[in-house]
Asks: 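Mind looking over this structure? Questions follow.
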Amino acid sequence: MFVYLLLLTVIATVEAQRIPGLQKTDSCLCKINSSIWTFPAVQFVEVTKQVQTCEENLNEFEEKLRNTDAELPLMRATLQNITARLKAFSYLHTSGLYNALHLRQLNEELEEIHQIVNEAHLQNPNNETHNLLSELNMAKHDVQRMYKDDFFNLETMKKRLRNLNNRAQTCKTIPNDFRSTCHQRIMTRISSPSVTKLNSFSKSYISGAWGRDALLTNKERYWEHCLVSGHKHGNTIRMYNSHEDFMSNKNYKDEQIASSYSDKNAVQGSGTILYDNTVFYQCYSTAEICSFNITTKATKRMKLDGAGIDNKFPFCYYSCRDWTDIDLEADQDAVWVIYATEENHGNIVVSRLDPLELNITHTWKTHLFKRSVTSTFMVCGVLYATRYVSTYQEEVFYAFDTTTGQEINTLSLPFEKVSAGIANLNYNPVDGKLYLYNDAYLLAYDTFF
């Protein structure tokens, strides 16, 4: 009898086992304990799941490949079609026609500015008009050089033209009293609120405007205008004949501007101002300015070309105030409209209005993006802009002088408020105060220069 040792390798335990056996006839008999080969059922189930997942992912990938193979010929045909269609216009790049079209527009703008300055020089020749004419001639020469040398920098030239246009607007005929000494001074400080009260309608009316009639020769008249219908529209203005009546909410009269909130002459937005007993505001759902004479009940309209409306260019900075695309302000002898256009890349445009004829006499373009400010106001032909600091503080940080065309963005004139949102801010040249409509609250401030 021979004893054989069988070497069995148990995979489950990764160990070698020696088992003794007995030879009987042609067979070898041995006893084996099967418990050492316990089947790894848990691992097997997990591996099975992974295999199934792999199969599903593989099937999905094969389906995508089949779809791609079917779509590629269509995509190739589309690209070939586009290439063929664009080939006919390839000369636009090689011949420089794209540049030529823009240079032609620059030439037209230069001619318009040259005409404005030339007329101003004929009426009132001075060093500024003389210098402007010289600079315009140099700009024309540079444009012609662009034609000749194919040297093209559109943005630089547009910026140059914008500056020339602002200076040309200033040279146009403006009443002598407009060029008063006040434009030479920049505001230096704003007081704490001298008036703080809730509007006389309701705390829920968070958008509107208020102030005092801005005409110097007018009697003391205070006004209050609240927006309803989603803080968007209004059709009445509340009038007070004294500051005492305003503070006590008595002896007022509600003047009807339009028959309803949806009338074509109704007010849209909070950019309203009162000048010479006339309400100036954005007309209902249009890029137009309306004026309503409280005495005669007559309404006039004028179109504001290119102005963004319906929350295209509202005041924003911290959070956007809806329906503030167009802001009307009043000054010593004029009404101003502040807005933004696509042509000026959403930057603020300032236009001076003749309050009697209701037409634009001058327009200046700034570099200040309208959505980067919370409000604006005008003082002596100087545009001021504010920005959000905190819930209870605002700051005047920017000024644009229409007399010189110069911009300042380093101002820091903080002032207090009682809530975060600003619906309207306007300066009154009669008493030198700022009037703020601050989320249903009415505040007034003294200003210092």
Side-chain angles (χ1 to χ4, degrees), residues 195 197 199-201 205 207-229 232-286 288-302 304 323 326-338 352-360 377-378 423-431 433 435-437 442 444:
V195 173
K197 71 184 290 285
N199 75 73
S200 62
F201 292 88
Y205 292 168
S207 283
W210 82 288
R212 178 177 176 174
D213 193 315
L215 186 64
L216 288 167
T217 58
N218 245 19
K219 62 180 182 179
E220 184 182 32
R221 297 196 75 185
Y222 289 85
W223 58 277
E224 182 182 3
H225 172 67
C226 295
L227 294 179
V228 294
S229 183
K232 180 179 181 181
H233 298 126
N235 68 328
T236 60
I237 185 169
R238 181 162 290 183
M239 304 296 299
Y240 303 87
N241 287 322
S242 70
H243 188 261
E244 290 72 23
D245 288 345
F246 166 74
M247 293 299 296
S248 58
N249 294 332
K250 65 180 183 181
N251 300 326
Y252 59 78
K253 182 179 181 181
D254 289 334
E255 298 285 354
Q256 192 174 67
I257 298 172
S259 59
S260 69
Y261 303 137
S262 58
D263 185 84
K264 68 175 184 178
N265 291 328
V267 179
Q268 176 162 315
S270 56
T272 303
I273 199 70
L274 182 71
Y275 179 86
D276 193 16
N277 208 37
T278 300
V279 187
F280 293 85
Y281 58 94
Q282 179 190 349
C283 311
Y284 180 87
S285 292
T286 62
E288 294 183 322
I289 303 301
C290 282
S291 67
F292 173 76
N293 188 296
I294 295 176
T295 303
T296 65
K297 311 301 180 185
T299 300
K300 293 181 179 179
R301 305 170 70 94
M302 63 152 284
L304 196 59
W323 321 117
I326 297 176
D327 183 28
L328 278 299
E329 300 287 337
D331 215 335
Q332 278 76 354
D333 65 336
V335 173
W336 302 83
V337 56
I338 299 161
R352 185 177 183 272
L353 304 181
D354 182 330
L356 296 179
E357 298 299 327
L358 195 64
N359 56 27
I360 293 177
F377 59 92
M378 297 291 300
N424 181 277
L425 180 64
N426 67 85
Y427 174 82
N428 189 283
V430 179
D431 55 18
K433 292 183 180 292
Y435 291 89
L436 172 67
Y437 197 107
L442 313 181

Asks: Are the ring centres of Y222 and Y240 closer than 6.0 Å?
Replies: no
Asks: Do other residues, nucleotides or ligands put more than 12 heavy atoms under 6.0 Å from K264 NZ?
Replies: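 Counting neighbours around NZ of K264, 12 or fewer heavy atoms of other residues, nucleotides or ligands fall under 6.0 Å, so no.
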Asks: Measure from the ring center of W210 to the ring center of Y435 and say whether it is less than 6.0 Å.
Replies: yes
Asks: Please check: side-chain N/O of S242 versus main-chain N/O of D245, any donor-acceptor pairing under 3.5 Å?
Replies: yes
Asks: Would you indicate whether the side-chain heavy atoms of I326 and V337 approach each other to under 4.5 Å?
Replies: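 SC-SC contact between V337 and I326 confirmed.
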Asks: Please report the shortest heavy-atom distance between T236 and Q256, naming the atom on each side.
Replies: CG2-CA, 4.2 Å
Asks: Test of understanding: with side-chain contact (heavy atoms from CB on, under 4.5 Å), list the residues that count as partners of S262, not counting sequence neighbours.
Replies: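 Residues passing side-chain contact (heavy atoms from CB on, under 4.5 Å) with S262: S260, Y284.
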Asks: With distance as the sole criterion, is a donor-acceptor pair present between the side chains of Q268 and S285 under 3.5 Å?
Replies: yes
Asks: Run through R221, K219, E255 and flag the one making a side-chain hydrogen bond (donor to acceptor under 3.5 Å, both in side chains) with N277.
Replies: R221
Asks: If we ignore hydrogens and angles and just use 3.5 Å, is the side chain of H233 paired with the main-chain N or O of V228 as donor and acceptor?
Replies: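 Side chain of H233 to backbone of V228: no pair is present.
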Asks: Taking N424 for its side chain and S270 for its backbone only, find out whether a donor-acceptor pair lies under 3.5 Å.
Replies: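 Between the backbone of S270 and the side chain of N424 there is a qualifying donor-acceptor contact (under 3.5 Å).
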Asks: Of all heavy-atom pairs between T272 and Y281, which one has the smallest distance, and what is that distance?
Replies: OG1-CB, 3.8 Å
